[in-house]
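We name chains A, B, ... by the order of the sequence lines, and we start the count at 1 in each one.
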Amino acid sequence: MATQEVVLLDSRCSMFAMRARIALAEKGIEYEGKEQNLADKGPELLQMNPIHKKVPVLVHNGKPICESLIIVQYIDEVWKDQGNPLLPSDPYDRAQARFWADFVDKKVADASSKVWTKKGEELEAGKKDFIAALKQLEEVLGDKPYFGGEVFGYVDLVLIPFYSWFYAYETCGSFKTEEHCPKFIEWAKRCMQRETVAKSLPDPKEVYEIVLILRKRFGVD
Amino acid sequence: MASNQQVKLLGVKGSPFVARAEIALKLKGVQYEFIHESLSNKSDLLLKNNPVHKKVPVLLHNDKPVCESLVIVEYIDEAWTGSTILPSDPYHRAQARFWSKFVDDKVFPAVFKAATNPNEKEREQGGEELRESLKILENELKGKFFNGDSIGLVDIAALFIAFWLPIIQEAVGLDLYNSEKYPKLDKWGQEIMNHHVVKEVLPDRDPLLAFFKGRFRSNTPSK
């Protein structure tokens, strides 16, 4: 067997790991994906990400890169002459892309996790914040087909993984995103037509099954 | 580089986040206008240019805004030539981004928890988290600076530890970070605060101490 140069410590339903999968697919990079058991973390994960002990971890020629946004930028820089560019080339546009990726991590990730891990008032607050974040993103998207403009780009890649969790959020939170943010859903469906995205995201029903298990484990249900 | 480029930095002088942007501009030799904001009475300029977070710093480059301190620093590094703030090698760039994010995600929240949480157990927890984060950074520091022989992104991000953390500790009566427990960080702190650009940017200590004393509750020193 040929030595693997690119390894991804992965987890099927992690939206952060999905970002790395999409990026690798966009660049056409062959890699070995190693599914991690997050309930019982293995020695390789603990050795490659001792600080955070989280997925994804990209291991390139034995050297680990951690944190999903950092991994995506690394992939874009190392394989800049291959596949599709992920970040824009202009420094100002890059700064805007980084700003909105940071917004997704600060606003969408937090609020959305409340929607499936909380009940009662906290759940309602999470829903409110989640919808507000999506509405803000709808404004940013405007009439463009993608956040990247005419072409699928960094912010699209960073955000679309959450869409695979929408069925779980909507079922746990008893709401329909489409009623509040139809443009967002339009954008999401457009992204899902992209092969690199479609093959990198799990089935929403699969995510929901995991969410049910986790809710029991965390004592939510 | 056009000489008619207009660069403005919206900020407050005591903010560690604003300091990051200033240091980056000065390292690149960029002329800029510092616009003093009042955080209790935010200007229309600030609200218009950072409607999402309504925070400083905001960099205005020919009237186009860039927000979030680490995004601003990377932008400055890319938009202007001169001494580089991030390494050129992708792997080292990834490491620089990792450690500066570590400072923001782990060090800042721990400090504020330890210093300001009204619940004593939470403050102790914050203290533990801070000790752990500082130990990790102490081990990570291999040379004169996190970036090697010259200051870089991580040094700029971590400057909070060297300058602001001791002032906050004094204000609230904490001694979690000191030269005995973290000799390498302490030495690094002296080096970076003596850096010619950093020296220009650091605010005066006494007004900042008074500010923190006024803002944060006073705690009895932790064991």
query = Should we count NZ of B:K55 as having more than 12 external heavy atoms under 6.0 Å?
reply = no
key: Atom NZ of B:K142 with >12 non-hydrogen neighbours under 6.0 angstrom   = yes
inquiry  = Please determine whether the number of non-hydrogen atoms from other residues, nucleotides or ligands lying under 6.0 Å from atom NZ of A:K54 exceeds 12.
reply    = no
task = Tell me, yes or no, whether the heavy-atom count around A:K27 atom NZ, taken from other residues, nucleotides or ligands under 6.0 Å, exceeds 12.
result = yes
ask   = Which is it for B:K106 and A:H52 under the side chain to side chain contact (heavy atoms under 4.5 Å, CB included) test, yes or no, and what are the steps along the way?
value = CA-CA 10 Å; B:K106 299 287 180 188; A:H52 301 301; 3.6 Å; yes
query = Counting only heavy atoms not in A:N37, do more than 12 fall under 6.0 Å of its CG?
reply = yes
task = Please examine the side chains of A:W100 and B:V71, heavy atoms only from C-beta on, and report whether any two atoms are closer than 4.5 Å.
result = no
request  = Flag the pair A:H60 / B:Y91 as yes when at least one side-chain heavy-atom distance between them is below 4.5 Å, and no otherwise.
outcome  = no
remark   = Expected contact set for residues 72-89 of chain A against chain B at heavy-atom separation under 4.5 Å reads A:Q73, A:Y74, A:E77, A:V78
task = Go through the atoms of A:P64 and report whether side chain, backbone, both or neither lie under 4.5 Å from a heavy atom of chain B.
result = both
note = Contacts of B:E74 meeting salt bridge (charged side-chain N to carboxylate O under 4.0 Å, His left out) (sequence neighbours excluded), chain-then-number -> A:R98, B:R97
ask   = Just by modelled atom types, is the B:P65 backbone N or O under 3.5 Å from a matching donor or acceptor in the A:Y92 side chain?
value = yes
key: Over 12 foreign heavy atoms within 6.0 Å of NZ, A:K176   = no
message = Could you measure the distance from the CD1 atom of A:I51 to the CZ atom of B:F98? Nearest 0.5 Å is fine.
response = 5.5 Å
query = Considering residues at least two apart in sequence or located in another chain, which fulfil the side-chain hydrogen bond (donor to acceptor under 3.5 Å, both in side chains) criterion with A:K34?
reply = A:E44
query = Quick one: CD1 on A:I70 to OG on B:S100, what's the gap to the nearest 0.5 Å?
reply = 7.0 Å
query = For B:Q95, is it the side chain, the backbone, both or neither that has a heavy atom under 4.5 Å from a heavy atom of chain A?
reply = side chain
query = Does the side chain of B:K64 reach to within under 4.5 Å of the side chain of A:Q96, using non-hydrogen atoms?
reply = no
Flag if over 12 foreign heavy atoms under 6.0 Å of CD, B:E33 = yes
remark   = Sorted by chain and number, sequence neighbours left out, ring pair (Phe, Tyr, Trp, His ring centres under 6.0 Å) with A:F99 holds for B:H53
